[in-house]
Amino acid sequence: MNTFYLTTPIYYVNDKPHIGHAYTTILADVLTRFHRNEGEDVFFLTGLDEHGQKVQQAAEKRNVAPKDHCDEMAPRFIELWDKLHIKNDDFIRTTEKRHVTVVQKILQEVFDNGDIYEDEYEGLYSVSEERFITEKEAESGEFRDIKKIKEKNYFFKMSQYQQPLIDHINNNPGFIQPEHRKNEVLGFLKKPLGDLCISRPKSRLNWGIELPFDSDYVTYVWFDALINYITAVGFDSDESKFNNYWPANYHLIGKDILTTHSVYWPTMLMSAKLPLPQGIFAHGWWLSGESKMSKSLGNVVDPLGLIEEYGVDPVRYYLMREMVLGQDASFTMESFVKRYNSDLANDFGNLLSRVSNLMKKFFDGKIPTEEDDSDEGIAIKEKGIKTIEIMWAQIESMRVNEAIETTLQFVRSVNKYMETMAPWKLAKSDPESAGKVLFTAAEALRLSAVLLAPVMPNRTKVVLDTFNAEETGLEWGGLKGGVALKPHDVLFPRIDIKKLSQSVEPVQKKAEPDNVITFDEFQNVELKTAMVLEAEKVDGADKLLTLQVDIGGEKRQIISGIALHYTPEELVGKMIVVVANLKPATIFGVESHGMLLAASKGKNLTLITIDSDKVASGMRIH
RNA sequence: GGCGGCGUAGCUCAGCUGGUUAGAGCACCGGAAUCAUAAUCCGGGUGUCCGGGGUUCGAGUCCCUGCGCCGCUACCA
């Protein structure tokens, strides 16, 4: 039997579950349900990442033990998955004993293979990111709480596996998907790959898994977290299970964690001499309309609110139908309502109403017994059979949105068939034929329900219940005639757009741009006037100039990328504006203590200069 | 700046290795029908396939170039 092992990332226990978590998990659920329907032996894993500094800090703040903190946070995810009808086979938490054991086993193995060494390391450490960062990253401004730390640590010889990894990616086209992500990783691997620091001294962080070969250290969270994918399928505990499911068919991830999954993880596995996963699939992000979802913008879509208002299945349907896997997608209430009303209410739900009502009206509430053998009836049957085939091919190639559209086209063709055959007319002149038409329409509807069941497990069950076809499968001809219909509610009540504008107009709450800062934050920036004393080109760089400036008597060196716009000569003597308290950085091997302000558009750039007659250097600018 | 991608109907997008009058869904307009959740069905597009060159018997599809947007990255700051 074919096996299908699919994972989501393990989510960080401190996070509040949002639409992104929900999306990935629903996607995994949908894919695995499809594969189950195909009769494959499926294993679907999700879980939580519970170690690391932020968890430790959050626990300290609340004055509880880290593990207790995790135990209290975990249900937020578990309950949401429950509400979303996620049918996972396992839920792993990295604090579980089974996982700790495996991580230590892998660490020991990698150590024994000679791929871990000790080194003194001095570098910039980002507390918020819990990792050492390069100077360039520090300069990027994307990291907070940066400290210079010098300490002994253990390193994983990731660099050794650079070429084998490149070869593997090239030899296995499906290894990183979609293709543009693969190209990104290959681009990343063009530069020399560094080794990976995989330890944290307990003096700094003790909420983690202890290194088996040095009890003064715990392991780096990513090294710990990635291993969950093999823990859960029985590595080192259940050999037959492990051999059955590993390597995973897909690790489903968001595009933000591509490097960890496509570089760290495969090289770790290479060192541990384990097979690599067959596929790593990075999907895009949900945007709120045009813009990124962010807490400060207040436009983060809450999945709970949506499902309470409209039900789980429509939300699952929308998320699956609207996103092209691998690209970003835009979430708007408008498109949600459109999808809901046109696809679910008008096409699918209404078809059930027409068919069941006609059966009630003309056939005593029973399903007729014979299939329509007219040309039109046979055409529907053939289209149904074709749909199964096409849809499955689309699912296998991760084109979920297309697979859904394929099924809906079939549903639409059944509405058309009804119109053509008009069984409500036939019932009066030729009841037998009318019965056949209704039977075929009902069978088509049953098949559509089975096809859509992975996406909408609940509402499709209503359809199957109505026709007493709960146990039928993915083949034409599952419907049994002669049975009484069960009553059903309106499958997808239409959403009234007028009511909507009053009740749910949530998404964009504030018109504030994404990048607002507070006054205090502005106050942190120390802008000062400065006189340019000297200027010269940086050796070997086209765009950089080294400036010596005077800021109220203090002499400073600043590197600036304006060489294409200003010659050194014309800068000397100018009064400019600099950010005086910028963290020093080394650019192109030269130290820079501050930055200057300039206005630019496209290729034009102009320095902000001050009339030096009126203002001395070193003045604060507010 | 480098590498890569994208730019097709009002909107969201399909169009594989170049080949008949360029497609789908939604929206919009007109009509039919009345079994159904004011649902369904039929009909309706003068779209510079981003602009400009080129290769070819033939290009949305290949090549060059310009513009715009996006991703990764850099001597961005």
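Note that the structure is a prediction, hence the values are computed from the model and not measured. Values reported hereafter were calculated over all heavy atoms of this structure, with side chains retained and with hydrogens, waters and symmetry mates removed. Order of the sequence lines sets the chain letters (A, B, ...), proteins ahead of strands, with each chain counted from 1.
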Span that lies between the [atom1] atom of [M] and that of [N], in whole angstrom:
{"N": "B:C67", "M": "B:G58", "atom1": "P", "result": "29 Å"}
{"N": "B:G7", "M": "B:U17", "atom1": "P", "result": "14 Å"}
{"N": "B:A27", "M": "B:C13", "atom1": "C1'", "result": "15 Å"}
{"N": "B:G52", "M": "B:C70", "atom1": "P", "result": "24 Å"}
{"N": "B:G45", "M": "B:G66", "atom1": "C1'", "result": "30 Å"}
{"N": "B:G60", "M": "B:C6", "atom1": "C1'", "result": "14 Å"}
{"N": "B:A24", "M": "B:C63", "atom1": "C1'", "result": "31 Å"}
{"N": "B:A59", "M": "B:G19", "atom1": "P", "result": "11 Å"}

Return the pairing partner of [N] with a 3.5 Å limit on both distances, Watson-Crick or G-U wobble; otherwise return none.
{"N": "B:A36", "result": "none"}
{"N": "B:A27", "result": "none"}
{"N": "B:C69", "result": "B:G5"}
{"N": "B:C16", "result": "none"}
{"N": "B:U61", "result": "none"}

Using the side-chain heavy atoms of [X], tell me which of these nucleotides is nearest: [options].
{"X": "A:Gln409", "options": "B:G71, B:A24, B:U37", "answer": "B:A24"}
{"X": "A:Gln327", "options": "B:A33, B:C13, B:C72", "answer": "B:C13"}
{"X": "A:Asn183", "options": "B:G4, B:A36, B:U40", "answer": "B:G4"}
{"X": "A:Met418", "options": "B:A24, B:C35, B:U37", "answer": "B:C35"}
{"X": "A:Glu419", "options": "B:U37, B:C35, B:G71", "answer": "B:C35"}
{"X": "A:Lys425", "options": "B:C13, B:C41, B:U34", "answer": "B:U34"}

Within the structure, does a side-chain N or O atom of [X] lie under 4.0 Å from either OP1 or OP2 of [N]?
{"X": "A:Arg494", "N": "B:A39", "value": "yes"}
{"X": "A:Lys338", "N": "B:A27", "value": "no"}
{"X": "A:Asn346", "N": "B:U40", "value": "yes"}

Give, for atom CZ of A:Arg321 and atom CG of A:Leu452, the distance between the pair rounded to the nearest 0.5 Å.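 The CZ atom of A:Arg321 sits 11.5 Å away from the CG atom of A:Leu452.
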
Ring centroids only, cut at 6.0 angstrom: are A:His251 and A:Phe281 within range, meaning strictly under it?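 Not under 6.0 Å, so no.
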
Measure from [atom1] on [X] to [atom2] on [N] and round the result to the nearest Å.
{"X": "A:Lys416", "N": "B:C42", "atom1": "NZ", "atom2": "C1'", "answer": "8 Å"}
{"X": "A:Ile404", "N": "B:A24", "atom1": "CD1", "atom2": "C1'", "answer": "16 Å"}
{"X": "A:Gln394", "N": "B:A24", "atom1": "CD", "atom2": "C1'", "answer": "13 Å"}
{"X": "A:Asn357", "N": "B:U40", "atom1": "CG", "atom2": "C1'", "answer": "14 Å"}
{"X": "A:Leu358", "N": "B:U37", "atom1": "CG", "atom2": "C1'", "answer": "14 Å"}
{"X": "A:Leu325", "N": "B:A14", "atom1": "CG", "atom2": "P", "answer": "13 Å"}
{"X": "A:Glu402", "N": "B:G25", "atom1": "CD", "atom2": "P", "answer": "15 Å"}
{"X": "A:Met323", "N": "B:U12", "atom1": "CE", "atom2": "C1'", "answer": "14 Å"}

Mind checking [X] for me? I need base, sugar-phosphate or nothing, with any heavy atom below 4.0 Å counting as a touch.
{"X": "A:Asp347", "answer": "sugar-phosphate"}
{"X": "A:Ser335", "answer": "nothing"}
{"X": "A:Lys191", "answer": "sugar-phosphate"}
{"X": "A:Phe188", "answer": "nothing"}
{"X": "A:Leu491", "answer": "base"}
{"X": "A:Gly187", "answer": "nothing"}

Report yes or no: is the cationic atom of A:Lys361 (NZ for Lys, CZ for Arg) under 6.0 Å from the centre of the six-membered ring of A:Trp424, at an angle within 45° of the ring normal?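 Relative to the ring axis of A:Trp424, which defines the angle, A:Lys361 lies outside at least one limit.
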
Mark yes or no for whether A:Asp328, through its side chain, and A:Leu287, through its backbone, hold a donor-acceptor pair below 3.5 Å.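 No: the side chain of A:Asp328 does not pair with the backbone of A:Leu287.
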
Can you check whether A:Gly174's main-chain N or O pairs, donor with acceptor, with A:Asn172's side chain at less than 3.5 Å?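 Here the side-chain-to-backbone pair does not exist.
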
In terms of relative ring orientation, are A:Phe492 and A:Tyr340 parallel, tilted or perpendicular, with 30° and 60° separating the classes?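 Rings of A:Phe492 and A:Tyr340: perpendicular, over 60°.
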
Is it the case that atom NZ in A:Lys360 sees more than 12 heavy atoms from other parts of the structure closer than 6.0 Å?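 Counting other residues, nucleotides and ligands, NZ of A:Lys360 exceeds 12 neighbours.
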
Return the 5'-most residue of the pair A:Phe362, A:Ser413 with respect to RNA chain B, ranking by each residue's nearest nucleotide.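 Here A:Phe362 is the residue nearer the 5' end.
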
Nearest nucleotide by nearest heavy atom, which residue falls closer to the 5' end of RNA chain B, A:Ser353 or A:Asp328?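 First, find each residue's nearest nucleotide; the 5'-ward one identifies A:Asp328.
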
Which residue in the set A:Asp550, A:Leu547, A:Val549 passes side chain to side chain contact (heavy atoms under 4.5 Å, CB included) when paired with A:Leu533?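 The option that passes is A:Asp550.
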
